[in-house]
Structure formats: C-alpha cells, structure tokens
2 protein chains.
Amino acid sequence: MGHSLELTDFLKILVVILGTAKLFGLLAQRIGQPAILGELVGGALLGKSALGLVDPSIEVLHLLSELGIIILLFSIGLETNLASLLKVGRASLAVATVGVVLPFLLGVGVCWILGQDRLVSIVCGAALTATSVGITVRVLSELGHLNDPESQIVLGAAIIDDIVGLVILSVVATLATGGSVTGVGIARISLLAGGFLVVTIVVGRPLLRGLFRLTRKIKPAGSTTIYALLLALGLAWLADKAGSAVIIGAFAAGVLLVDSPRHHEIELGVTRLGHFFVPLFFVCVGAAVDLSALNPLDPARRSTLVFAGLLTVAAVLGKFAAGYAPFWLKARKSLIGVAMIPRGEVGLIFAQMGRSSGVLGEDLFAALTLVVMITTFLAPILLRLIAHPTGPPDEVGIEDLVNTA
Amino acid sequence: MGHSLELTDFLKILVVILGTAKLFGLLAQRIGQPAILGELVGGALLGKSALGLVDPSIEVLHLLSELGIIILLFSIGLETNLASLLKVGRASLAVATVGVVLPFLLGVGVCWILGQDRLVSIVCGAALTATSVGITVRVLSELGHLNDPESQIVLGAAIIDDIVGLVILSVVATLATGGSVTGVGIARISLLAGGFLVVTIVVGRPLLRGLFRLTRKIKPAGSTTIYALLLALGLAWLADKAGSAVIIGAFAAGVLLVDSPRHHEIELGVTRLGHFFVPLFFVCVGAAVDLSALNPLDPARRSTLVFAGLLTVAAVLGKFAAGYAPFWLKARKSLIGVAMIPRGEVGLIFAQMGRSSGVLGEDLFAALTLVVMITTFLAPILLRLIAHPTGPPDEVGIEDLVNTA
C-alpha cells in the first residue's frame, strides 16, 4: 500500500481488470458455470504468480474492491425480506443451523488433524459456513425449479446463513486483528454484531419511513440510489466504529430499505454500480492467489493441495447433510443439500479477510480460495444432474451481480 | 499523493463528500441554481482552507475524480449527434466560432494587462472558451424554450464549443506539462487531438457496428454499460498514450456510441455511474480552492479579486457578443448570447488541469474557479429575466449529471 499510481496506469489496470472479468465471466457462462468463477480464474491469471499485470495490494484497487464488498452485501441485504423469512419456518431454520454448525466443526476438525493453530482453524471453519444465495438462485431458476418448495427452503436457509455468517465474520475479523480467542471475547463480538443489526433495524425503520413520507414529493431524478448508497456507506462506517465489521453495516442498510417505496429503483441503481465495483473484488481475490502454492508437481506444496482437498470434502458433506436436517419433511432432500453447497462470494470474503489480516499465509489463502471455487463449480453440475429442467427459466433479481458477465 | 488511507477513513470521506454534494446541490436548486454550484460551494467549505475535512490530493480521491471527468465527458459525447450537428448549419457555427475566439482573446488580453506570462494567459483564455451544454439545456427546458429555434442554435454551438474546447484543452495539457509554446508545437498537438477524434470515429464506427451485429443475440443483462465503459476507459488510455488528453478519448467513445442500438441503455447506465463519480470531481475542485485567496479584506489578495472580476467581464461579454454573430438571422440574439455564458463543468476541468500541472498558483486557480462559478450563477438568472416561461418544462436527458442533486 501507499504506492503512487498515475492516471494512465490506473486506466490501464481498470481496462485490464474489467475486460478480463467480462471475458472470463462470459466463458464460464458458456460452460454453464457462474460468471464469478471465470472472474476468479481470470484474476488468478492476471496476478503476480502468472502474468503479473494486477497487484491487488495497490491502495486504490484495495479500497475499490472493499467498496465492491460493501455494495455486494448491501444488495444482498436489499434481497433479505425479514417478514417473509419468518414464514419459511422450521425447515429453513433446521437446514441453516445444521448447514452452519456441521461445516464449521468439520472444517475445524480438518485443521486440527493437520496441526493448524486455533485462529486458522476458526477462519477456515467459518469460511465453510456461508452459502451463496446468488449462485444457487441462478441455477435453480435456469432449471425452472425456483418456485418448488425445496427451493423456497434453500432460499430461506441461505439467507439465515448469510446473517449468521456475517456475525461469525465480524467475530473472525476482530479475532484476526488481535481480539482474544476466549469464550467471553467471542460472545461479546457476536452480541455486538447481532446487536448492531437489531438496533439499526429497530431504530432505523421508523426513521426511514418518516423520511420517505417527508420526501415523497421530491422528484427522485435518479439520485435515490446515491441517498441509499450514503446510508450503506454511513452504516458501514458506523459498524466499523462500533467495533463490528463494515459488511454488517452495509447489510443492515439493505435490510432497512427492503420495503421502502423506492426499493425497485434503489435495487436497479445499486446493481448498476455493482457491475462496476463487484468484479474488481473478485478479480483482485483471484489475483492475490499464489498459483505456485497449488502446483501439484512441487512436493513441498502437496500438503496445501491435501488441505484444500480435505476442506472441500468437509464443505460438500457438511452442507449436503444439512439438506436432510428437516427429516420430518416430504421433499427431495438431496436437492436441498446440493443447492446449499456453493460458497461463492461470502466464502471469498472470509478468505480475503483471513489473508489481509495475516492469519492465513499464501498457502492457506490459496487453498481456501480453491475450496470456494470447487464448491461453486460443483454445485451447478450436481444440481443439473439431480434436478431435471421442468419449465422455462424463472425471472432473476439482483443475484446477477455474481452471475452475469 | 501516496498517502496511506484506511478503509474507515475512506468511507468517512465518501460519506462526507457525497452527503455534502447532495445537501448543497439541493439547496442550490431551491434557489433556482444548478446543483453543480452547490457542490462547488460545499466542496470549498470542506476543503483545507475552511473545515479541512477533505484533502483532494489524496491519491484515491484524485483518481476517482479523474474517473468522474472521464465519465462526464463520455456522457457529453453520448449526447453529441454529429449527423444532426451538420444540419444546425451556419448559425451555430458562427456563434461557436465567435464564442471561442472572442472570449479567448479577451481572456488573454486581461492576462496581458495584468502582466501574466504566456502559459498562464493561454490556460485562462482557454478556460473561457467552454460552454456548459448541461446547465443551458436545463434552464431553457425549465422555461419551456427548449424547442425554440434560438435554443437549437445554442445547442449546436455549445456542442461545437465542446469539441473545439477539447482540442484546446489537449493543447493546454501538453503545454502545461512542458510542451513548447511555439506555433508549430501548438499546431502539432491540435492536429493530434483532432486527428485522434476523426480516426477513432471513422475507424471505430464500422467496427462497432459489426460488433453490435455479432452480439445482437446475447442478452444484455445490464452489463452493456460496462462494455461501453470499457470502450471509454480504453480510448481514454489510448488518447493519453498517443500524446493527447484522456478526455478526448472518453468523448470519442461517447460519440461512437451515439447511434448504437443500445444507446438508451448505455446512457442510463453511464448516468447512474456518473451520479457517484461526477460529484466527487466537483466537490474536490471546490475543496482545492483556497478561500483565503479570495478574501476581500486582505489587501494583498485584492489583486486576485480584480483578476477574477476582469476575467468574468471578458467571459460574459465574449459569449454574449457571440449571440449576435449570425447577424443575418431573425432571432432573439440576446437569448442566444446569454445561454452561451455558463462555463460549468468544462471550465472547471481547465482550471483543475492548470492547477494540477502547476501552471496556475493557488491564487489564479481560486480566481478561475470563481469566474466559472459566477458565469454559472449568472446565466440562469439572466435567462429567466429575458425569456419568459412559455409552457411546461421539456424533458431532459443526461444533462442532469450537472444539474440534479
């Protein structure tokens, strides 16, 4: 950080990053995979261990890809309707609970077997708890299954996962930057993150409702999105200041605006901004991966691949088993389990955070990114195998941030 | 430059800048002024000479506001229909020619009287040649005059001014960074800028048409804007590499896409991105103004105010006289002249460039920014005085980048 970057070089880097994101995103989609996978692979090719065109530690790239994360979490929040979540009920809750606890324990177990320390184990276990709503929704909708009861359960569970994952993430973030790894410490940070979410939503909702009523007569003129973004950036900053994580604030801002009268306009505008900022994050994560750490021909690096392999097994089994958690239900539980597998964007945020805080070395970061990529890659293939198309694709929403090129 | 900025501080600065831009933009509109004026005043309050909250020399702010300029020029290009420009004919050409030559000569004259050196005179003279299409269109449309023949002449002239202004700007940019101030040198850079525009458009148009035909079947999925932005960033980089200015490339990209089948979608998407990036530029220009340089109570600074005053007179008279250039026409020539007065965004780009290249000291930069602000402030007032509303406001396009809060 602290490099001095000329405008010409900045423009060149932006063109290279966005161009690569679009090109590899399109290629990924051609083979039936989400665009995010192409963006990661493209990023890895651009990074220092391959072409060396993009250095993700350049300050402006780092800050812009952090903005990408904030916008991504904001848009996930904008999709999180708490009221309809309460209706999904016991089945989603069961899937979510098992889908968080089991992968976490399996991940920690793998780390324990391989002799990793406590903090590394927590980061790796935590990274396995997330579920990418975006990728799952996209594949289910392509297959015409989005309105099946199984899909509704998966969606509810994935959203609960997101919220729990965010709380875990804020705990991990604090631990990684020097917080104490004690039961009391972890409880304190969890309560802080959960408390921030609850207080923001309880206090913010009536405030915003009043504000919308006051400004009803002002012509929006396209800047509603900027006001919404101001809320997201402001809450992200506040969450950070309150000792929690920026993404908690961004997510809370999204949830706050879910049932605002201008929700559709805001969602559209945020997605447009996201098309610029979010690929920067994915490409930069890819560019940070040291490909040589995954070289199977180098005997010294084989342990990294073994680690990645075992974590992948833990990741797949943990979520697949979660599909069978609502045992009382008559539903295709294998479909539920498989749909929960892709880690996607949230898993990457964990990996990136572990790396930037220094908890994960180059080897473990590369391994964790590989795990996210494999789960993301596997899910669409498995889903297509077990769920046959039943109709025309359903309409999709903001998920296309992770899915379109 | 080269500061190291933490994410928390970056978020705080973004919230402060965007919040101030919106607040002061709204206040400006309340008193019948364009939002850009409020953003400049707000920026000046945030800057080092007042509250000291925003330092525009921070690398990431500098780069993002440069992106703002590129997106602004891209959107101006997207509004520049060369075919319909050819139809506006002699009257617009006459207004544009006089409106460039006269203010330039008057500006250089003022500098000469006050004993400024040759490079400063050229920068100040050049800054007076621009016309803000955005602000003029907005006011004319508010008054319901947008479809009058006078307005059509003004629009044509303002667009020609933009193109000529861009060529002048690229000349000034090269001179300011050490090019030789000789007739041959100036001619070479002008030809380069003009040549870049012509070659890009002549070569790019059939290429793009083919590309659009090839990709007709691909679902846009909201990322058309990113492809368009890639073109703008790529051409901006290319123009810079070719020895011209980035804004020439961004403008050329806009002109190239004017009659593309996805023009409307691109315009909408670029405007949305602009709502984020463009205010960063205006606020940063405002924040760079050293208000103490304009303190009328400090005798040492009075010469700066005299300079600003004389330049303002040159700026107003030069453009007003240009309204009478098509002497053969039966039209309200005073309306044409007044509508050409506001310098707005392009004038600011000149001032900013003069400052960052070191040609203009703090005093002259503050003076030039003041001139732009006064002309921008005067035009709507004068227009309302001489042109009475005739009907309901017309629909406006992308100009709202400079006009809405």
Side-chain angles (χ1 to χ4, degrees), chain A residues 1-12 14-15 18-19 21-22 25-26 35 59-64 66-67 70 218-227 229-234 236-238 240-241 246 249 268-277 279 396 400-401 403-405, chain B residues 1-12 14-15 18-19 21-22 25-26 35 59-64 66-67 70 218-227 229-234 236-238 240-241 246 249 268-277 279 396 400-401 403-405:
Chain A
M1 261 172 257
H3 303 232
S4 188
L5 192 68
E6 289 296 320
L7 177 62
T8 323
D9 298 323
F10 180 52
L11 291 177
K12 193 172 81 181
L14 280 184
V15 169
L18 289 177
K22 289 294 147 192
L26 273 179
E59 185 177 88
V60 63
L61 285 187
H62 167 72
L63 291 174
L64 292 185
E66 291 283 339
L67 268 192
I70 288 174
I218 298 178
K219 234 178 67 183
S223 31
T224 313
T225 305
I226 296 296
Y227 291 109
L229 189 68
L230 264 174
L231 183 70
L233 295 174
W237 174 81
L238 198 66
D240 187 73
K241 277 282 157 185
V246 287
L268 207 70
V270 172
T271 313
R272 290 270 162 94
L273 277 177
H275 281 307
F276 176 79
F277 287 103
V396 286
D400 74 343
L401 273 188
N403 291 298
T404 58
Chain B
M1 256 171 262
H3 302 231
S4 189
L5 192 69
E6 289 296 320
L7 178 61
T8 324
D9 297 323
F10 179 51
L11 291 178
K12 194 172 78 178
L14 280 183
V15 169
L18 289 177
K22 289 293 148 194
L26 273 179
E59 185 177 271
V60 62
L61 285 187
H62 167 72
L63 291 174
L64 292 185
E66 291 283 338
L67 268 191
I70 287 173
I218 298 177
K219 234 178 66 183
S223 30
T224 312
T225 305
I226 296 297
Y227 291 110
L229 190 67
L230 265 175
L231 184 70
L233 296 174
W237 174 80
L238 198 66
D240 189 71
K241 277 281 158 187
V246 288
L268 207 72
V270 172
T271 312
R272 291 268 162 96
L273 278 176
H275 282 306
F276 176 79
F277 287 103
V396 286
D400 74 343
L401 273 188
N403 292 297
T404 57

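Protein chains get the first letters and strands the later ones, always in sequence-line order, with residue 1 at the start of each.
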Considering all heavy atoms, the nearest [X]-[Y] contact:
| X | Y | value |
| --- | --- | --- |
| Arg272(A) | Leu268(B) | NH1-CD2, 3.8 Å |
| His275(B) | Ile226(A) | O-CD1, 3.5 Å |
| Ile70(B) | Ala236(B) | CD1-CB, 4.2 Å |
| Pro279(B) | Gly274(B) | CD-O, 3.3 Å |
| Leu7(A) | Leu63(B) | CA-CD2, 3.9 Å |

What part of [X] gets closer than 4.5 Å to chain A, counting heavy atoms only: side chain, backbone, both or neither?
| X | result |
| --- | --- |
| Leu238(B) | neither |
| Phe276(B) | both |
| Leu231(B) | neither |

If you count heavy-atom pairs under 4.5 Å between each of Leu233(B), Val246(B), Leu230(B) and chain A, which one has the most?
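That would be Leu230(B).
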
Under a 4.5 Å heavy-atom cutoff, which of Leu229(B), Val15(B), Leu64(B) has the most pairs with chain A?
Val15(B)

Tell me which of these, Leu11(A), Leu18(A), Asp9(A), has more heavy-atom pairs under 4.5 Å with chain B than the rest.
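So the answer, after comparing Leu11(A), Leu18(A), Asp9(A), is Leu11(A).
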
